[in-house]
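Written out below as structure tokens is the structure these notes cover.
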Protein chains: 2
Amino acid sequence: MDGRPTLETVAQRAAVSRQTVSNVLNSPHLVRQETLERVRAVIDEVGYRPHGAARQLRTRRSRVIGLRLERTVDGINGAVLDRFLHALTEQAQLRGYRVMLFTAHDDAAEIGQYGELLDVLELDAFVLTSTHSGDPRTAWLCEHDVPFVTFGRPWDPPGTDGQPDHPWVDVDGAAGTRAAVEHLQDAGHTEIAFVGWPAGSGVGDDRRAGWLRAMRAAGVPQHRLDALDVATEDGIAEGAVAARRLLEHVRPTAFVCASDSLALGVLATLRSADGDLIASGPAQAAVVGFDDTPVARAVGLSSVAQPLTEAAGRALDLLLQQLSGSSGAPTRDHHVLLAPSLVVRESSASAPPT
Amino acid sequence: MDGRPTLETVAQRAAVSRQTVSNVLNSPHLVRQETLERVRAVIDEVGYRPHGAARQLRTRRSRVIGLRLERTVDGINGAVLDRFLHALTEQAQLRGYRVMLFTAHDDAAEIGQYGELLDVLELDAFVLTSTHSGDPRTAWLCEHDVPFVTFGRPWDPPGTDGQPDHPWVDVDGAAGTRAAVEHLQDAGHTEIAFVGWPAGSGVGDDRRAGWLRAMRAAGVPQHRLDALDVATEDGIAEGAVAARRLLEHVRPTAFVCASDSLALGVLATLRSADGDLIASGPAQAAVVGFDDTPVARAVGLSSVAQPLTEAAGRALDLLLQQLSGSSGAPTRDHHVLLAPSLVVRESSASAPPT
DNA sequence: CTCATTCATTTGAGCGTTCCAACCCGTCGC
DNA sequence: GCGACGGGTTGGAACGCTCAAATGAATGAG
């Protein structure tokens with residue numbers, strides 16, 4: 001009677017069979033009300049909890065999902081994944097699932113890990129981050145009928161190079177930059193520059209597109225757009241350089257950036273011209289960043305915030321949908337595009353000089 | 001013959017019993033050389049991998065360790081845990097273990113999770129972060145004989161309030177700040193301020209102690225030390241405020257900070273006085289931060305780097321040592337204090353004005 | 001009154017592994 | 001020539017659970 005209680009322990013004390021106890025937990029509708037209550041009372045009394053490995057051995061389900069933890073490349077934007085991971089863990093827990101981590105140095109190694117994790121631990125599904133063009137991982141997972149969802153749209157045109165359609169969740173970057181531009185326009189700005197990444201990255205192009213659309217909608221001519229649009233690698237120093245160049249030649253009154261790193265560089269340039277880095281009065285020009293990292297908050301930088309908790313929740317919903325086996329669901333529902341929200345702080349408070 | 005191969009599959013093809021195949025994998029010394037080779041060949045041929053859940057059901061070992069993922073409070077210092085987590089996952093993987101995440105809103109909830117994870121998934125051990133004074137978690141784990149290790153020393157005096165002795169790994173913060181001070185002294189600085197946290201946090205006090213020791217060793221009188229020592233909450237803005245005050249009244253030529261956040265604030269204040277935030281010429285005074293976060297690298301801030309990969313590796317070694325059951329090991333070996341290293345960048349390049 | 005039908009519950013088997021006791025066979029000591 | 005020994009191998013049982021099929025007890029239709 002000591003040691004962990006098992007189904008048998010509960011069954012005996014409730015004077016029923018193992019299977020009935022099992023039904024109480026998994027298919028309560030099969031059990032008579034009276035029995036249900038009696039068994040449940042015993043379960044609570046002895047503090048019974050089903051043994052995961054035993055259950056898994058029988059059902060071939062682990063109720064665990066896998067996620068590759070990549071090396072933190074950039075600490076500022078890495079914070080996004082960090083927060084997504086937290087949200088994912090929390091949301092999974094709410095749904096009775098757990099998150100298991102693994103690492104890999106490249107896509108091939110990651111695929112190797114899939115194989116091992118599926119064979120040995122029977123993970124139920126995977127969440128993929130940092131999808132990129134020509135990603136071999138999604139193809140492999142589809143081919144092996146492994147449920148998964150990506151956080152980030154597939155950036156290849158559908159059907160390209162055998163890239164399959166698959167469930168994904170993403171944040172609408174274009175909507176974010178568009179909102180940033182409109183916010184600045186409302187404050188009277190018309191000369192709004194975009195400091196983004198070189199063309200070619202899906203995420204970067206998306207964010208640029210939002211700025212472009214909003215600027216065109218306001219009737220800004222193409223030659224002016226060309227001047228206001230800057231592409232540079234990510235980083236604080238890079239943002240600062242871009243800002244100096246723009247201020248010198250193009251003279252924008254506001255900046256929308258593809259990342260908080262870039263925005264931070266821009267902001268530093270503006271504020272050091274005022275001799276005061278830490279938020280105080282309105283600066284020479286307005287700045288909006290992207291991702292609303294904790295640093296943005298610390299220095300009073302307006303930024304576009306991604307709804308990471310919701311993204312994690314929706315990602316899990318997509319997974320559970322696949323796991324429940326209704327494979328006939330329409331493909332449209334497998335794609336979730338969430339709208340980000342603009343967090344306004346001091347950095348975008350300044351109106352354009354009249 | 002289709003479907004996953006099992007022990008039976010391999011046994012039949014190698015014309016031995018299940019048990020012999022099992023022995024080949026777990027106790028090769030029991031098996032005759034010839035048989036060993038034959039069985040191994042078959043294992044490779046059919047791509048056999050032992051099934052985790054079945055093994056766990058029998059051995060009561062999951063080869064999984066748990067870690068609570070806390071909400072990222074401060075994005076800058078949160079990056080430390082982020083990198084530690086990556087290292088831990090990688091090191092665990094190398095040793096044949098996996099890392100499972102969970103979340104909890106407070107210590108009590110975390111303890112509740114321990115119970116569930118132990119009962120349901122039979123996690124082998126836990127890694128605890130953010131230990132604090134009067135931590136109820138370590139007591140619970142000890143009481144229930146659960147192997148664990150903390151990343152961070154217990155800050156209570158041993159024996160206080162029933163706090164048990166337990167294995168831990170930590171980085172010697174005092175050695176880090178001492179190294180920073182000595183580096184500055186070598187450059188000719190004598191007026192070196194410390195911008196730290198309010199007394200009471202173990203980590204913060206430790207870092208202050210290193211600065212204090214090195215300053216005393218250089219013969220700085222107590223009244224001067226009192227003036228050079230500032231305590232403030234963590235944050236960029238807070239660091240900036242502290243720097244302004246110090247520069248105005250105490251006029252230090254160098255700053256050692258308890259975190260990169262604080263250092264960033266100090267640096268911003270110094271550089272904005274020069275009108276140039278992004279690393280360029282030597283500034284008005286030298287600054288050294290702590291944790292070597294990616295932001296530090298981005299802005300050229302010297303900082304004390306924690307050996308996180310080594311910390312993760314040592315933590316796992318301590319765990320495996322407990323798991324292998326040699327419980328009679330001396331307590332001394334259960335405590336690992338690692339030395340951090342100073343990363344010198346532009347921010348500490350300036351010599352004091354003569 | 002009998003037989004099919006439904007509902008509630010039980011029984012036996014099996015998931016893939018390792019533990020345990022038994023077994024076989026060759027060697028050694030007496 | 002017989003028992004003791006030990007390296008190498010084997011078969012049965014068990015870990016805790018759920019599946020599939022069987023059982024028993026009521027209910028209703030013919």
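Model, not experiment: these values are computed from the prediction. Just so it is clear: chains get the letters A, B, ... in the order the sequence lines come, proteins before strands, and each one is counted from 1.
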Got a salt bridge between [X] and [Y], using NZ or NE/NH1/NH2 to carboxylate O under 4.0 Å?
{"X": "A:Arg137", "Y": "A:Glu110", "result": "yes"}
{"X": "A:Arg314", "Y": "A:Asp170", "result": "no"}
{"X": "B:Glu90", "Y": "A:Arg71", "result": "no"}
{"X": "B:Glu122", "Y": "B:Arg61", "result": "no"}

Exercise for the section: Could you please name the option among C:dT18, C:dT11, C:dG16 that lies closest to any side-chain atom of A:Ser17? Expected result: C:dT11

Completion exercise
Testing D:dT10, D:dG16, C:dT9 for proximity to the side chain of A:Asn23, the answer is C:dT9

Practice task
Could you check B:Val16 against B:Ala54 and say which one's nearest nucleotide on DNA chain D is further toward the 5' end?
Solution key: B:Val16

Practice task
Using atom types as modelled and distance alone, determine if a side-chain donor or acceptor of A:Thr150 lies under 3.5 Å from a backbone N or O of A:Leu128.
Solution key: no

Practice task
Look only at the side chain of A:Thr35 and the backbone of A:Val31, and say whether a donor-acceptor pair between them is shorter than 3.5 Å.
Solution key: no

Practice task
Evaluate side chain to side chain contact (heavy atoms under 4.5 Å, CB included) for A:Leu323 paired with A:Leu320, printing each intermediate quantity in order.
Solution key: CA-CA 5 Å; A:Leu323 288 172; A:Leu320 300 201; 4.0 Å; yes

Handout entry: Validation row: A:Phe84, A:Thr129 side chains within 4.5 angstrom (heavy atoms)
Key = yes

Practice task
Specify the residues of residues 27-44 of chain B, ordered by number, for which at least one heavy atom lies under 4.0 angstrom from an atom of DNA chain C.
Solution key: none

Problem - Under-4.0 Å side-chain N/O to phosphate OP1/OP2 contact, A:Ser22 with D:dT18 - result: yes

Exercise for the section: Report yes if a side-chain nitrogen or oxygen of B:Arg55 is closer than 4.0 Å to either non-bridging phosphate oxygen (OP1 or OP2) of D:dC15; otherwise report no. Expected result: no

Return the value, rounded to whole Å, for the distance between atom [atom1] of [X] and atom [atom2] of [N].
{"X": "B:Glu8", "N": "C:dT17", "atom1": "CD", "atom2": "P", "value": "10 Å"}
{"X": "A:Arg4", "N": "D:dC15", "atom1": "CZ", "atom2": "P", "value": "13 Å"}
{"X": "A:Leu7", "N": "D:dA14", "atom1": "CG", "atom2": "C1'", "value": "16 Å"}
{"X": "B:Gln56", "N": "D:dC17", "atom1": "CD", "atom2": "C1'", "value": "13 Å"}
{"X": "A:Arg63", "N": "D:dC17", "atom1": "CZ", "atom2": "P", "value": "15 Å"}
{"X": "B:Leu57", "N": "D:dT18", "atom1": "CG", "atom2": "C1'", "value": "13 Å"}
{"X": "B:His51", "N": "C:dC15", "atom1": "NE2", "atom2": "P", "value": "12 Å"}
{"X": "B:Asp119", "N": "D:dC17", "atom1": "CG", "atom2": "P", "value": "11 Å"}

Practice task
Using a heavy-atom cut-off of under 4.0 Å over every strand shown, decide if B:Thr6 touches base, sugar-phosphate, or nothing.
Solution key: sugar-phosphate

Practice task
For nucleotides 19-24 of chain C, just jot down a letter per nucleotide in 5' to 3' order: B, S or -, based on protein non-hydrogen atoms under 4.0 Å.
Solution key: BB----

Practice task
Go through the structure and list residues passing side-chain contact (heavy atoms from CB on, under 4.5 Å) with A:Gln93, not counting sequence neighbours.
Solution key: A:Thr89, A:Arg98, B:Phe102, B:Thr103, B:Gln113

